[in-house]
Amino acid sequence: MGLPALPRRYHPASIWLLYAVGLFPAAWTFYLGATGQLTGNPVKVFEHLLGEWALRFLILTLMISPLRDLAGINWLRYRRALGLLAFWYVVLHFSANMILDKRLAFDVIVEDITKRWFITIGMAALVMLIPLALTSNAWSIRRLGSRWTLLHRLIYPIAALGALHFCLSVKVIGPEQLVYAGLVILLIGWRLVRPRYMAWRRSRRSVNTGLAPAGPRPK
Ligand code: HEM
């Protein structure tokens, strides 16, 4: 049984709701930190929260397509918002590190980026996210055509770098890192086998209906 469909007229509102709910953890933790209600090191707590949500939103963005392929749930309309939320969380995570933690000490920042591998990897992911965020609009989709799809496949290496960055940021890899890294590996694995699965599904459908298999579907 499928999920009850949301009437079309509520789609735009549901996307704005997703942005609001998605930004809530950052806003709430910032408020708690600013009002002295965070225990431990508030800057670190804030920075960690932003990093974790960045990775969560990257994973949720990658889950939209398998959710449609495997469960028939079409939440494509939320993919752009999820991707942009991931981008803004990475930007906030980076800014918290640079401004609140390193207090814009340029030499420390440069040394961190060039000498600490996990930060170099995080920076690479952030840089790769920028063209995706800039082209996450209808105008770019029209202008770039099939190059847009190609460009946006960068989301897979970005998520892989994000998960690797997380694993390397800790001294001992624990269950949390393993769960995130495992999810990213599964989602990349799915992307690799997807064309074959879709071809198999189409051929099975055509056998069942007695129709000739259709040509390759747009991705
Ligand atoms: C796609 C990009 C990125 C993702 C998904 C990401 C995610 C994460 C996650 C999940 C953590 C661990 C948080 C925790 O301990 O709970 C982390 C830690 C960290 N990240 Fe990132 N990050 C990204 C990019 C960056 C960038 C660009 C920087 C540059 C400054 C950065 C700096 C750090 C630092 C310094 C830590 C360790 C904080 C500490 O334990 O002291 N990250 N990141």
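We number each residue from 1, following the sequence as shown.
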Give the ring-plane orientation class for H152 versus W148, where under 30° counts as parallel, over 60° as perpendicular and anything between as tilted.
parallel
Just say parallel, tilted or perpendicular for the rings of Y197 and W200, cut-offs at 30° and 60°.
tilted
Residues at least two apart in sequence or cross-chain that pass side-chain hydrogen bond (donor to acceptor under 3.5 Å, both in side chains) with E52, listed by chain then number, are R56, Y180
State which residues pass side-chain hydrogen bond (donor to acceptor under 3.5 Å, both in side chains) with H165; sequence neighbours excluded, sorted by chain then number.
none
Rounded distance (nearest 0.5 Å) linking atom CZ of R8 with atom CG of L6:
10.5 Å
Donor-acceptor pair, side chain of H93 and main chain of W53, under 3.5 angstrom:
no
Are W139 and L84 connected in a single hydrophobic cluster, I mean Ile/Leu/Val/Met/Phe/Trp/Tyr linked by side-chain heavy atoms less than 4.5 Å apart?
no
With sequence neighbours excluded, tell me which residues meet side-chain hydrogen bond (donor to acceptor under 3.5 Å, both in side chains) with E47.
N97
Count the heavy atoms belonging to other residues, nucleotides or ligands that lie under 6.0 Å from CH2 of W75, then report whether that count exceeds 12.
no
Quick one: does any side-chain atom of Y156 pair with a main-chain N or O of L187 as donor and acceptor, under 3.5 Å?
no
Rounded to the nearest 0.5 Å, what separates atom CD1 in I73 from atom CG in L67?
4.5 Å
OH (Y19) with more than 12 external heavy atoms under 6.0 Å:
yes
Among side-chain atoms of Y78 and S14, is any donor-acceptor pair under 3.5 angstrom?
yes
Calculate, to the nearest 0.5 Å, the distance between atoms OG1 and CZ belonging to T135 and R143 respectively.
13.0 Å
Using atom types as modelled and distance alone, determine if a side-chain donor or acceptor of R201 lies under 3.5 Å from a backbone N or O of D69.
yes
Does a salt bridge link D101 with K44, judged by any charged N lying under 4.0 Å from a carboxylate O?
yes
